[in-house]
Trainee: 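Sending over a structure as structure tokens; questions will come in a sec.
Residue numbers start from 1 in every chain, and the chains themselves are labelled A, B, ... in the order their sequence lines are given, proteins ahead of strands.
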2 protein chains.
Amino acid sequence: MKKINVILVDDHSLVRDGIKSLLKDSLDIEVIGEAGNGVELFNLLKNTLPDIAILDISLPGESGIELTKKIKTQYPQIDVLILSMYLQEDFVLNAVKAGARGYLPKNTSKAELLTAISEINQGNDYFSSEISRIMLKSYFHKAKAVEETKNKAELLTKREKEILKMVAEGMHNSQIAEKLFISTRTVESHKTHILQKLEINNSVDLVKFAIKNGIIDLNKSEK
Amino acid sequence: MKKINVILVDDHSLVRDGIKSLLKDSLDIEVIGEAGNGVELFNLLKNTLPDIAILDISLPGESGIELTKKIKTQYPQIDVLILSMYLQEDFVLNAVKAGARGYLPKNTSKAELLTAISEINQGNDYFSSEISRIMLKSYFHKAKAVEETKNKAELLTKREKEILKMVAEGMHNSQIAEKLFISTRTVESHKTHILQKLEINNSVDLVKFAIKNGIIDLNKSEK
DNA sequence: ATTTTCTTACGTGAAACACGTAAAACATTG
DNA sequence: CAATGTTTTACGTGTTTCACGTAAGAAAAT
């Protein structure tokens, strides 16, 4: 079986050595290069293509997140695993957005590091449970917020919900009127009632309401 | 120190016995009641108020999620921990929405169960790492989707972004004009340009764009 | 120095909003 | 079944925004 080729990027050679020694025992993984910053990394990549790049997040010059973006643009086949002391939500989220496949705290156990590398090599994402839990907080926080407003939607009649949906999908009054075989004035009336019932002042907040309540799907509607 | 009082709700008495024996050794936790379904549970609660209710998700009659809702309505001080064989995202998310403070798979280790109970008793949420990771998938899936459209926002000038933000916050053209000391016609012009650049046809999609790109925060804006 | 981009702004007709009023159509229930 | 309440339909009027075109001065880039 082909080994998993790894490049380490960290400005502290001690840290690189530590990781190297952790990985040395593994028969599946080989460290084929090291870099201390972004410049070194991209020089290295010219001749040496790894399967996985393990990046520290705080580096001199460009940050690990910036490097991740660059790597994914220029070498999309390389998977990026972030190692970081920082566990704040923002960091993790930005890393993921930049294209990282995994995120581990620096005090990760050897076993978890190996698991992460192997998972990522198989095409999966990997995040330590600590990271997971941090991310979940905000995830659930939002889920709960949704639930709080949800009851308000029950105030609307069937027709009103129907129209709210169409409005939130971006249809004009005239289009809605045509589709429902009613006059535009009626559509306006419904809208007014909806705004009153939801205690909302403008159609912008109406859209937000619709999104929050799952009446429309943010990631689907715009074609 | 006062013990943590727990009620177990599961229709299989064997499972209840299993959990009881796991908890028996702990000096901090005491099982003060058991129920096999919702009716039994609420009869029990009339006389016996636990700190934490540990619910199976699949019960005869009302589901664990429905019971969670009821519990949180009638006895909001009781924290709910869900035990379940089912790890699908929907289940977990619904449990959280219903008010559960934690969610564990049924094959949880004793140690993790104790940790969960203790965390919840201290007012924290607790989700097993397996659960966390499942939830994260969809969380990050969305985060990535955001990133894909994000580049479009770079097309906008500073002024345009400024105005987009105000529009998405629900401000009228006149209000924006006033705040920026420009005419409403200029605001209109900016809007037109924004729509053109983003290839968007209406202000509804504009709001969606703003939300997707983190220009405004769904959970903050409406007061 | 010249081209491009950004910010500002207007004209015009169509559409939408805000706020009030109100008549049918349905439901509910006393 | 009559009465009351809710839902759906609709209009009037004045204000605001939209859509589409045009354009000039300021700032930035080449």
Trainee: Rounded to the nearest Å, what distance is computed from the CD1 atom of residue I176(A) to the C1' atom of nucleotide dA16(C)?
Mentor: 11 Å

Trainee: If we only count heavy atoms from C-beta on, is the I7(A) to I32(A) side-chain gap below 4.5 Å?
Mentor: yes

Trainee: Side-chain contact, heavy-atom cut-off 4.5 Å: L23(A) with I117(A)?
Mentor: yes

Trainee: Do K20(A) and D17(A) have side chains that get closer than 4.5 Å, going by heavy atoms?
Mentor: yes

Trainee: Do other residues, nucleotides or ligands put more than 12 heavy atoms under 6.0 Å from the CD atom of E178(A)?
Mentor: no

Trainee: Taking only distance into account, with no hydrogens and no angle test, what donor-acceptor pairs under 3.5 Å do side-chain atoms of residues 75-82 of chain A form with protein atoms, sequence neighbours excluded?
Mentor:
unit_1, atom_1, unit_2, atom_2, d
D79(A), OD1, R101(A), NH1, 3.4

Trainee: Can you tell me the distance, in whole Å, between the CD atom of E162(B) and the P atom of dC6(C)?
Mentor: 15 Å

Trainee: Rounded to the nearest 0.5 Å, what separation is found between the CE atom of M166(A) and the CG atom of L180(A)?
Mentor: 4.5 Å

Trainee: Sequence neighbours left out, what passes salt bridge (Lys or Arg N to Asp or Glu O under 4.0 Å) with K70(A)? Give chain and number order.
Mentor: E62(A)

Trainee: Which parts of nucleotides 24-30 of chain D does protein reach within less than 4.0 Å, heavy atoms only, written one letter per nucleotide 5' to 3' as B for base, S for sugar-phosphate only and - for none?
Mentor: -------

Trainee: Represent DNA chain C in dot-bracket notation, 5' to 3'. Only Watson-Crick or G-U wobble pairs with both distances under 3.5 Å count; pseudoknot-style crossings use [ ] and interstrand partners use |.
Mentor: ||||||||||||||||||||||||||||||

Trainee: Tell me, do V15(B) and L83(B) make a side-chain contact under 4.5 Å, heavy atoms counted?
Mentor: no

Trainee: I'd like a list of close polar pairs between nucleotides 23-28 of chain C and the protein, N/O only, cut-off under 3.5 Å.
Mentor:
none

Trainee: Below 4.5 Å, heavy atoms only, C-beta onward: do L104(B) and Y126(B) meet side chain to side chain?
Mentor: yes

Trainee: Consider only side-chain N and O atoms of S189(B) and T186(B), and report whether a donor and an acceptor are under 3.5 Å apart.
Mentor: no

Trainee: To the closest 0.5 Å, what do you measure between CZ (F42(A)) and CG (L67(A))?
Mentor: 6.0 Å

Trainee: With a 4.0 Å cut-off, would you call K191(A) and E188(A) a salt bridge?
Mentor: no

Trainee: Check this for me, if you would: do K69(A) and E66(A) make a salt bridge, where the nitrogen-to-carboxylate-oxygen distance has to be below 4.0 angstrom?
Mentor: no

Trainee: Reading nucleotides 6-22 of chain D from the 5' end, what letters show protein touch, with B for base, S for backbone sugar-phosphate only, - for no heavy atom under 4.0 Å?
Mentor: -SBBBBBB---SBB---

